[in-house]
Amino acid sequence: MNRRLLLAALLVGACLVASGCAGTPAYDYSAYRADPPRSILVLPPINNTVAVDAPYVYLSTVTRPLAEAGYYVYPVAVVDAFMKDNGLSEPAEMQSVPLSKIDEIIDPDAVLYATIEDWGQKYHVISSDTTVDVNVRLVDADTGTLLWDGSARAVEGSNSGQGGLLAAVVVALVDQIVDTVDDRSREVARQANLNMMGARQTGLPLGPYNPDHVTDPRRQ
């Protein structure tokens, strides 16, 4: 390889590295770092889909990744029951409670608000997809400052297109029958949460109860 070709190859490589690094902009963690929370209260999510069971299925998937990340998470069932006992039956009503009131009564460090934008299984001619799309915001309970936000998105598709059209139709039919009994939305939501919170450049920093939090660069 002559020198011109070598130089060209190096320039192309440098451009690829630069474009790869620029693909995911760094998240601004300055607000989080100024007052990192130790405890999080999760409110039932607002549901912008027609899947009536989506809010409480999603709610059942969010506590574990937060706890494993190193935060104390208030029991979601207890919080939900407390809100309902006080006349707030819908997630939208619960999320409209002033932060000052939540801070006064429950006293968490931060509150997690979630909105479900897409949810559930969609059937096509020879395939089906299970989709979860949820936006979340972590807000300081004292000041209302946004500490962190993210989007939990995942799609799990059925296997199709293998073995010919007839085989694909049979597989799709079996998938629909099985999926009617065994909804995959909960598992897809768990994976979506892991993808969102665990992202190196945009995920939720590790909390104080995770022993690795002292070396997490997102907290520094």
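Side chains of I102 and L43 form a contact here, defined as non-hydrogen atoms less than 4.5 Å apart. Within the 4.5 Å cutoff, the side chain of V139 has heavy atoms near those of the L99 side chain. Using a 4.5 Å heavy-atom cutoff, the side chains of L206 and R218 are in contact. Between Y58 and N193 there is a side-chain heavy-atom pair separated by less than 4.5 Å. By the 4.5 Å heavy-atom criterion applied to side chains, V42 and L59 are counted as neighbours.
Within the model, atoms OH of Y71 and CD1 of I40 stand 5.5 Å from one another, a figure rounded to the nearest 0.5 Å. Once rounded to the nearest 0.5 Å, the distance linking CE of M196 with CD of Q191 reads 11.5 Å. For the atom pair D109 CG and D140 CG, the distance stands at 7.5 Å (nearest 0.5 Å). Atom OH of residue Y29 and atom CD of residue Q201 lie 8.5 Å apart, to the nearest 0.5 angstrom. Between the CE atom in M83 and the CE atom in M94 there is a gap of 7.0 Å [rounded to 0.5 Å]. Within the model, atoms OH of Y32 and OG1 of T145 stand 14.0 Å from one another, a figure rounded to the nearest 0.5 Å.
Residues V134 and V50 do not share a hydrophobic cluster, clusters being chains of Ile/Leu/Val/Met/Phe/Trp/Tyr side chains in contact below 4.5 Å. Both M197 and V57 are assigned to one and the same hydrophobic cluster, defined by single-linkage of ILVMFWY side chains at heavy-atom distances under 4.5 Å. L66 and V132 end up in the same hydrophobic cluster when Ile, Leu, Val, Met, Phe, Trp and Tyr side chains are linked at under 4.5 Å. When hydrophobic clusters are built by joining Ile, Leu, Val, Met, Phe, Trp and Tyr residues whose side-chain heavy atoms come closer than 4.5 Å, directly or via intermediates, I116 is not grouped with L194.
Using a distance-only test at 3.5 Å, with no hydrogens or angles considered, no donor-acceptor pair links the side chain of N195 to the main chain of A152. In this structure, the side chain of W148 does not engage the main chain of A31 through any donor-acceptor pair within 3.5 Å. Formation of a donor-acceptor pair under 3.5 Å by the E117 side chain with backbone atoms of N47 is not found in this model. E93 places a side-chain N or O within 3.5 Å of a backbone atom of S89 that can act as its donor or acceptor partner.
Aromatic ring orientation, Y74 versus Y72: perpendicular (interplanar angle above 60°, classes split at 30° and 60°).
In this structure, P91 and P44 approach most closely via the heavy-atom pair CB-O, 3.5 Å. Minimum heavy-atom separation, P208 to P37: CD-O, 3.7 Å. Between A110 and L138, the shortest heavy-atom distance links the atoms CB-CD1, 3.7 Å. The nearest pair of heavy atoms linking D28 to S30 is OD1-OG, 2.8 Å. Closest non-hydrogen pair, Y27 versus T202, comes out as CB-CA, 4.0 Å.
There is no side-chain donor-acceptor pair under 3.5 Å between Y113 and D149. D118 and T131 share no side-chain donor-acceptor pair at under 3.5 Å.
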(request) Before giving the answer on side chain to side chain contact (heavy atoms under 4.5 Å, CB included), spell out for R153 and N135 the whole-Å C-alpha distance, their side-chain angles and the decisive distance to 0.1 Å. (result) CA-CA 9 Å; R153 294 192 177 98; N135 295 322; 3.9 Å; yes
(request) Tell me, with the steps shown, if Q121 and V188 meet side chain to side chain contact (heavy atoms under 4.5 Å, CB included). (result) CA-CA 10 Å; Q121 291 166 299; V188 175; over 6 Å; no
(message) The test is side chain to side chain contact (heavy atoms under 4.5 Å, CB included); show your working for L88 and V97 and say whether it passes.
(response) CA-CA 9 Å; L88 305 172; V97 175; 3.4 Å; yes
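Judged by a 6.0 Å distance limit and a 45° cone about the ring axis, R38 is positioned over the six-membered ring of Y209.
More than 12 heavy-atom neighbours from other residues, nucleotides or ligands sit within 6.0 angstrom of CZ on R33.
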